[in-house]
Amino acid sequence: MTVRPYADEDFEDVYHLRRLSFGGPKEPPSTPDAPPGSASALVAQDDTGITGHLRVWNYHQFFGGRAVPMGGVASVAVQPHARGTGVAGRLLAESLVLMREQGQSISTLYPYVIPPYRRYGWEHVGTMQVALLTLSDLAATPRASVPVRPATRADLGDIHACYLRTASTVDGTLDRSAPGFDISRKLELDVLTVAPGEDGLRGFLSAARPDGKRLRVHDLIADDVDTAHALLRQLASWAGTITDASIRLLDPTLLDLTVPGGIQRGFEVHDFMTRVVDLPVAVAARGWPALAEAKPFTVDIEVTDPHAPWQAGRWRLVHEEGAVAAEPGGGGAVQMEARALGPWFAGSASSASLRRAGLLTGSHEAAAALDRLTGAPHPVHLGESF
């Protein structure tokens, strides 16, 4: 078996392989579903043909207020006759090399099965959540003197800027930058409402109106409570023709604090896993707001990572003036498995939790300093699935 980059002539074979794994029409689409530059891919091949496929989306994921280049692993598919023969493992191992070469210092994925991804260093860090709102309950939303109107193509830049103001404050969210995202596709939705402000937009609402009694809200983004109320009242106006709305939670607290009725959490919950691919590059790319007022300090770690040997060994994490660098060397006071790096980097798990899970050992005092770096533990969210 060999693993090689995906080529255009693989399109039909890969489509049929993905259809076997994930479903879809028998006939492939007339054009690829990944726009140029938005993703790379690998295929596994033997004398029977293509036996496996893996895609890596070109994304950026916010941590500490900065967008870190991230490889979104998706569409991992293996031919039925080749399952259990190591094809997926080879693809995952080669994807780490590919992502490092592409400058994607972290990787995130949604697992269909967990053990293979854990074996290669990914671990749970957060969730993508969809909640349910009963639209009649929104009638009690306070009125707000915030004008709203339909969006136009001229608003697209301001819509993205408005999104970024919220997304950059929520660890785990994507920055929705090109080429991984095409912001103009927002205009294809049934509802795209904006709340103009003195300088750009104060918020926006995007939604699809499928058949049935449920509105599907993609985004409800607001800079302030009055804008949130104005957009929630827009949702309330659908009551009578539609019973409820599903809504993706980018900033769950916003709805907790502004919706007058109850929110049915857990309508959909999708766990995602993250892996550090290149530790010094990832550390340099991340923001570290928890350290804004902290005095300089260092933490020595020793990483075990057989599948990314370039980051295995001893590192000294050096904090100075709000920035952190990972330098080779140090005494290895804290020992970390590869699986520990994702939850630590994301700030989703404390060192105590990682220790209880068997992913971290060594000095308790030094491990506590790891928590100081990220402000762990805190929730981590994604707003998209891929």
Open item on the list: Quick check on the hydrophobic clustering: are L109 and L174 connected, directly or via other members, by side-chain heavy-atom contacts under 4.5 Å?
Closed with: no

Open item on the list: S136: which residues meet the side-chain hydrogen bond (donor to acceptor under 3.5 Å, both in side chains) condition with it, sequence neighbours left out?
Closed with: none

Open item on the list: So, taking the atom named CG in L20 and the one named OH in Y15, what distance separates them when rounded to the nearest 0.5 Å?
Closed with: 10.5 Å

Show the atom names and distances, to 0.1 Å, of all donor-acceptor pairs under 3.5 Å that link a side chain in residues 273-285 to residues at least two apart or in another chain.
residue	atom	partner	partner atom	Å
T274	OG1	T108	OG1	2.8
R275	NE	Y120	O	2.6
R275	NH1	D305	OD2	3.0
R275	NH2	Y120	O	3.1
R275	NH2	D305	OD1	2.8
R275	NH2	D305	OD2	3.2
D278	OD2	R100	NE	3.3

Task: salt bridge (Lys or Arg N to Asp or Glu O under 4.0 Å) partner of R202, the single match among D224, D223, D158 - done: D224

Task: Side chain to side chain, V73 and M99, heavy atoms closer than 4.5 Å - done: yes

Open item on the list: Suppose we screen for side-chain hydrogen bond (donor to acceptor under 3.5 Å, both in side chains). Which residues come up paired with R90, at least two apart in sequence or across chains?
Closed with: none

Open item on the list: Quick check against the 3.5 Å criterion: does Q61 have a side-chain atom that pairs as donor or acceptor with the backbone of G172?
Closed with: yes

Task: Distance, nearest 0.5 Å, that separates CZ of R339 from CZ of R119 - done: 11.0 Å

Task: Heavy-atom side-chain proximity of M128 to E384 below 4.5 angstrom - done: no

TODO: State plainly whether one hydrophobic cluster holds both L254 and L205, where clusters connect Ile, Leu, Val, Met, Phe, Trp and Tyr through side-chain heavy atoms under 4.5 angstrom apart.
DONE: yes

Task: Check: R233 and L138 side chains under 4.5 Å, non-hydrogen atoms - done: no

- [ ] If you link ILVMFWY side chains whenever their heavy atoms are less than 4.5 Å apart, which other residues fall into the same cluster as Y112? By chain and number, please.
- [x] F22

Open item on the list: Can you confirm whether L360 sits close enough to W344 that some side-chain heavy atom of one is under 4.5 Å from a side-chain heavy atom of the other?
Closed with: no

TODO: Specify the closest pair of heavy atoms between P111 and Y117, including all atoms of both residues, with the distance to one decimal.
DONE: CB-CD1, 3.8 Å

Open item on the list: Donor-acceptor check, side chain of H53 to backbone of R18, threshold 3.5 angstrom: yes or no?
Closed with: no

Open item on the list: Quick check against the 3.5 Å criterion: does H160 have a side-chain atom that pairs as donor or acceptor with the backbone of D175?
Closed with: yes

Open item on the list: I want to check something: taking the side chain as every heavy atom from C-beta on, are M1 and V87 in contact at a cut-off of under 4.5 Å?
Closed with: yes

TODO: Not counting sequence neighbours, which residues clear ring pair (Phe, Tyr, Trp, His ring centres under 6.0 Å) with Y163? List them please.
DONE: none

Task: Beyond-backbone contact of L354 with P343, side-chain heavy atoms, under 4.5 angstrom - done: yes

Task: Flag if over 12 foreign heavy atoms under 6.0 Å of CZ, R216 - done: no

TODO: May I ask you to decide if G331's main-chain N or O and D300's side chain share a donor-acceptor pair within less than 3.5 Å?
DONE: yes

- [ ] Mind running side chain to side chain donor-acceptor pair (under 3.5 Å) on Q79 and T51 for me, showing each step along the way?
- [x] CA-CA 5 Å; Q79 291 283 7; T51 57; over 6 Å; no

- [ ] State which residues pass side-chain hydrogen bond (donor to acceptor under 3.5 Å, both in side chains) with W57; sequence neighbours excluded, sorted by chain then number.
- [x] none

Open item on the list: Does anything in residues 239-249 form a side chain to side chain donor-acceptor pair (under 3.5 Å)? List the pairs, not counting sequence neighbours.
Closed with: R214-D244

Open item on the list: Is a donor from one side chain sitting under 3.5 angstrom from an acceptor on the other, for Q129 and T127?
Closed with: yes

Under 3.5 Å, which donor-acceptor pairs do the side chains of residues 185-200 form with other protein atoms, sequence neighbours left out?
residue	atom	partner	partner atom	Å
K186	NZ	S206	OG	3.2
K186	NZ	D219	OD2	2.4
D190	OD2	R209	N	2.6

Open item on the list: Under the criterion side-chain contact (heavy atoms from CB on, under 4.5 Å), I'd like the reasoning laid out for L220 against L235: C-alpha separation, chi angles, the key distance, then a yes or no.
Closed with: CA-CA 10 Å; L220 193 156; L235 289 181; 3.8 Å; yes

Open item on the list: Testing the basics here: between A349 and A376, what is the closest heavy-atom pair and its distance to 0.1 Å?
Closed with: O-CB, 3.6 Å

- [ ] Could you tell me whether a side-chain N or O of R19 sits under 3.5 Å from a main-chain N or O of G24, the two making a donor and an acceptor?
- [x] yes

TODO: Could you tell me whether the side chain of D13 and the main chain of D10 form a donor-acceptor pair under 3.5 Å?
DONE: no

Task: Euclidean distance, R55 CZ relative to L42 CG, rounded to 0.5 Å - done: 12.0 Å

- [ ] With sequence neighbours excluded, give me every side chain to side chain donor-acceptor pair (under 3.5 Å) pair touching residues 145-154.
- [x] R149-D155, T152-D155

TODO: Calculate, to the nearest 0.5 Å, the distance between atoms CZ and NE2 belonging to F272 and H124 respectively.
DONE: 11.0 Å

Task: Sub-4.5 Å side-chain heavy-atom contact between D171 and F345 - done: no

Task: Results of ring pair (Phe, Tyr, Trp, His ring centres under 6.0 Å) for F297 - residues two or more places apart only - done: H319

TODO: Tell me, please, which residues at least two apart from P377 pass side chain to side chain contact (heavy atoms under 4.5 Å, CB included).
DONE: S350

- [ ] Can you sort out the partners of Q102 under side-chain hydrogen bond (donor to acceptor under 3.5 Å, both in side chains), two or more places apart, ordered by chain and number?
- [x] S40, Q104

Task: Validation row: L341, M336 side chains within 4.5 angstrom (heavy atoms) - done: yes

Task: Side-chain (T134) to main-chain (D137) donor-acceptor, under 3.5 angstrom - done: no

